[in-house]
J.: 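For reference, the structure I am asking about is given below.
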Amino acid sequence: MSLAGVSCLVTGAGGFLGQRIVRLLLEEEEALAEIRLLDKAFSNEALERFGKFQGKTEVKILEGDIRDVMFLHRACQGVSLVIHTASIIDTLGLIEKQLLWEVNVTGTRLLLEACVRCNVQHFIYTSTIEVTGPNSRGDPIFNGDEDTAYESESKFPYAQSKRLAEDSVLKADGQVLKDGGTLMTCALRSMYIFGEGCPFLLGHLDKCLLNKNVYLRFSRKEALVNPVYVGNIAWAHVQAAKALQVPQKAKHIRGQFYYVSDDTPHMSYADLNYELTKDLGFGIEPQLPMPLTMLYYFSLLLELVSFLLRPFVRYIPSTNRHLVTLLNTPFTFSYRKAQKDFGYTPRYTWEEASQCTGQWIASMVPQRRQYLKIKAA
Ligand SMILES: NC(=O)c1ccc[n+]([C@@H]2O[C@H](COP(=O)([O-])OP(=O)(O)OC[C@H]3O[C@@H](n4cnc5c(N)ncnc54)[C@H](O)[C@@H]3O)[C@@H](O)[C@H]2O)c1
């Protein structure tokens, strides 16, 4: 299976995951013809990294908005594969719902329409485990798979927006392209992603440094999850893309969603922070700041305060019931189906993943200390 000669568009290419997907695509032995990198903004570091690449694949930077129909039309013209990672991630409810919808839901639909107009045959959507749950009751799942029945009714805007976008992607499978061809789509439901460049890890690191080098325990030890290393979820996109090129394989994949995890040991989100930086001598609080039920009602209280203040001031609490449940519910998934249907196996072991991530965090500590010092002054 190969992507030799393929022209591919990656949206969200300047983001944490997008950059890693691009890197893997550029490293492919059998070179792609062209990769178009779409994002609303690229950092200088990202541009520098892409600029260093000296290979056969042509790289084009497309800076613009996923909501811009004309821009999408130009971006899709002449490509046969779209990997759609661009999205707004919002676990706290910081972003206005309308903007979240416009980017995550409408943006995805506009992109699908552009694909049909421009005869793009293959479309891979980066979805999230949050479209499955956990639900508000906090029902656990251990080693779930695509057939695991689960009552999920998340009303949290980010999860809802990703669910609607995923539905649109999977429903678009089979649509007739302008030239009479067929659009084939699939969605990869990623676990929480860790790795070099992960903004969430930096947020937790800052709090740890402010707490005298002790990580906050925001999830109980028993709340086992299985986060995925960025190199592995990126690899899953590449593997899915390759399999879609092969008609015999594509027929199993199209219209399907897949859970993508790797061999990261199952542990809580809080314990992952600790595990990744054990060598730095950081600690972790032994217990939640208050019993889980109390934490839940405390979050409810903060949400009520936020609601009451809404006519006067926009106050977004630092926690909410959705987040407390998300962080404290055992929720693990197997990648068996992705392995069976498109040959996904993790490219990096847990040892490699944790070592690279740990080294990156260690390299960020001096900078973050400096930043926190300036912020406090
Ligand atoms: N980070 C995680 O733990 C995680 C877990 C599961 C799924 N995902 C999914 O993976 C994808 C990538 O996430 P990430 O962690 O790389 O996030 P990220 O924020 O680093 O990347 C998203 C990119 O999308 C771009 N973008 C946002 N709005 C845009 C717009 N209007 N037009 C064009 N580009 C726009 C951003 O500039 C950003 O570069 C997302 O779809 C997310 O839902 C992430």
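Start at 1 and go down the list; that is how both ligands and their atoms are numbered.
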J.: Hey, which residues fall under 4.0 Å of ligand 1 on heavy atoms?
T.: Gly12, Gly14, Gly15, Phe16, Leu17, Asp39, Lys40, Gly64, Asp65, Ile66, Thr85, Ala86, Ser87, Ile89, Val103, Thr126, Ser127, Thr128, Tyr158, Lys162, Ser190, Met191, Tyr192, Ile193

J.: Tyr259 and Tyr335: aromatic ring centres closer than 6.0 Å?
T.: no

J.: Do the side-chain N and O atoms of Lys340 and Tyr258 include a donor-acceptor pair separated by under 3.5 angstrom?
T.: no

J.: Taking the inter-plane angle between the rings of His204 and Phe218 on a 0 to 90° scale, is it parallel (under 30°), tilted (30 to 60°) or perpendicular (over 60°)?
T.: parallel

J.: Can you tell me how the ring of Phe342 sits relative to the ring of Tyr344, calling it parallel under 30°, perpendicular over 60° and tilted otherwise?
T.: tilted

J.: Please report the closest heavy-atom contact between Ala270 and Leu216, naming both atoms and the distance.
T.: CB-O, 4.0 Å

J.: Assess the side chains of Tyr150 and Asn135: does a donor N or O sit below 3.5 Å from an acceptor N or O?
T.: yes

